[in-house]
Amino acid sequence: MPIRQPPVVDNSIQTAGYFMARLVKMGRYGYIFLGGALGAMARYMLNELAIINFPGETTQLISLFVINLFGAYLLGLTVRHPYFTSGCKNLWGAGFAGGFTTMSGVTVFMAVTDLDQWIWGMLIAGFITFSIGFRQGRLAERKQENQLA
Amino acid sequence: MIQSTLPSDPIFAIAVVLGIGIMGGIASVVRVSITSWRGFLPWGTMTVNTVAAVAIGFWFAFFPNESTVGWVTAIIALGFAGGLSTFSTLMSDMVFYFQRGRMMQMIFSAAGNIFIPLTGLLVITASF
């Protein structure tokens, strides 16, 4: 009795699709890596610029405020703004804004200094700046939809 | 923390900034992978913030004299831990809860992201 051979299935298209999906996913992480690296370097340079010129706890607090509020605004803007497509959103939203803002600096600042009450103000201000960015992005999205309609 | 950690040699300073960028990029990929963990509260955001604070606590506990290893401290604390922890994602979570009227979840996520990393940092620094 002849041995039955298994049917030959050409799944090269599925395999190519699988590898393309993997490459797209890795590309997403590449954008996040690049954005996070840019954000961390920008945060460090901004922080150093502030500390070298105006040493003191208040400077550190202002630096944390500027960094975190700008990062929150940028992340809010990238949520709905039509300019930020998937790659651009990963680069500037999840990557840059996430790497630029810091909570560990806030935690160490709270542990080292006595200016804790300002951190709660930072939370409220960050909430407001994120909302402003989110609203601006949504308005731009609606404007583009109205132009297309 | 308040002192500057930038080396005086310009070539070395550029290398330190690039090192901070590489560590920040790696930490960002880890952060995005972890912050997708959500439940009643944004557990992923709390985890990355706590891990970053505990990492800084361990670093300062083992190497308290930061003047000798200032640039390494900058790469670990400002690069890796700074890139791992995030403030903007917490704001995103808080606005997400606020828009849906979940005030308790919003308050708990804000308080948890402040107090849990702070507790971790203080416990680590007090233990060594």
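Residue numbers start from 1 in every chain, and the chains themselves are labelled A, B, ... in the order their sequence lines are given, proteins ahead of strands.
A:W120 and B:I116 are not part of a single hydrophobic cluster, where members link through side-chain heavy atoms under 4.5 Å apart. Clustering ILVMFWY residues whenever any of their side-chain heavy atoms sit less than 4.5 angstrom apart, transitively, puts B:V30 in the very cluster that holds B:F58. Note on B:I22: it does not cluster hydrophobically with B:V72, by side-chain heavy-atom contacts below 4.5 Å among ILVMFWY residues. Under a hydrophobic-cluster definition in which Ile, Leu, Val, Met, Phe, Trp and Tyr are linked whenever side-chain heavy atoms come within less than 4.5 Å, directly or via other members, B:L18 and B:I20 are assigned to the same cluster. Residues A:L49 and A:F65 are members of separate hydrophobic clusters, defined by side-chain heavy-atom contacts under 4.5 angstrom among Ile, Leu, Val, Met, Phe, Trp and Tyr.
Within 6.0 Å of OH on A:Y29 lie more than 12 heavy atoms contributed by other residues, nucleotides or ligands. Within 6.0 Å of CD1 on B:I11 lie no more than 12 heavy atoms contributed by other residues, nucleotides or ligands. Within 6.0 Å of atom CZ in B:F108, 12 or fewer heavy atoms from other residues, nucleotides or ligands are found, so the atom counts as exposed in its surroundings. In A:D114, the CG atom is not crowded: 12 or fewer heavy atoms of neighbouring residues, nucleotides or ligands sit closer than 6.0 Å.
Heavy-atom distances place no part of B:M23 under 4.5 Å from chain A, backbone and side chain included. Only the side chain of B:F115 comes within contact range of chain A, with heavy atoms under 4.5 Å apart. For a residue to count as touching a neighbouring chain, one of its non-hydrogen atoms must lie under 4.5 Å from one of that chain's; by this rule B:I26 touches chain A with backbone and side chain alike. For B:V32, the part lying near chain A is the side chain, with the backbone staying farther off; criterion is any non-hydrogen pair under 4.5 Å. Only the side chain of B:L121 has a heavy atom closer than 4.5 Å to any heavy atom of chain A. For a residue to count as touching a neighbouring chain, one of its non-hydrogen atoms must lie under 4.5 Å from one of that chain's; by this rule B:V48 does not touch chain A. Interface residue A:F134: only side-chain heavy atoms are found under 4.5 Å from chain B. Both the backbone and the side chain of A:M122 come within contact range of chain B, each with at least one heavy atom under 4.5 Å from a heavy atom of that chain. For A:I67, no part sits under 4.5 Å from any heavy atom of chain B, backbone or side chain. At a 4.5 Å heavy-atom cutoff, the contact between B:L122 and chain A is made by side-chain atoms alone. Of the two parts of B:F80, neither the backbone nor the side chain holds a non-hydrogen atom closer than 4.5 Å to a non-hydrogen atom of chain A. Of the atoms belonging to A:I52, it is side-chain heavy atoms, and not backbone ones, that fall under 4.5 Å from chain B. For chain B, the nearby parts of A:L123 are the backbone and the side chain; heavy atoms of each come within less than 4.5 Å.
Of all heavy-atom pairs spanning A:A40 and B:G24, the tightest one is CB-CA, 3.9 Å. Contact detail for B:S88 and A:G71: the closest heavy-atom pair is CB-O, 3.8 Å.
To the nearest 0.5 Å, atom CG of residue B:L90 and atom CE of residue A:M103 are 4.5 Å apart. To the nearest 0.5 Å, atoms CG (B:L118) and CD1 (A:I119) are separated by 10.0 Å. To the nearest 0.5 Å, atoms CG (A:L75) and CZ (B:F87) are separated by 11.5 Å. Going from atom CG of A:L38 over to atom OG of B:S28 covers 10.0 Å, rounded to the nearest 0.5 Å. To the nearest 0.5 Å, the span separating OG on A:S131 from CE on B:M94 amounts to 9.0 Å. Taking OG1 of A:T129 as the start and CE of B:M91 as the end, the distance is 8.0 Å to the nearest 0.5 Å.
The closest side-chain heavy-atom distance from B:S92 to A:F130 is below 4.5 Å.
Per-residue counts of heavy-atom pairs under 4.5 Å with chain B were compared for A:F100, A:F127, A:Y73; the largest is that of A:F127. Between chain A and the residues B:L84, B:I56, B:V95, the largest count of heavy-atom pairs under 4.5 Å involves B:V95. For the options A:M45, A:R28, A:R43, heavy-atom pairs under 4.5 Å to chain B are most numerous at A:R43. With respect to chain B, the highest number of heavy-atom pairs below 4.5 Å among A:S104, A:A111, A:A42, A:G76 belongs to A:S104.
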| task | Go through the steps to decide whether B:I114 and A:M110 satisfy the test side-chain contact (heavy atoms from CB on, under 4.5 Å), and finish with yes or no. | result | CA-CA 9 Å; B:I114 291 287; A:M110 286 180 83; 3.8 Å; yes
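In this structure, A:Y44 has its ring center no closer than 6.0 Å to that of B:W71.
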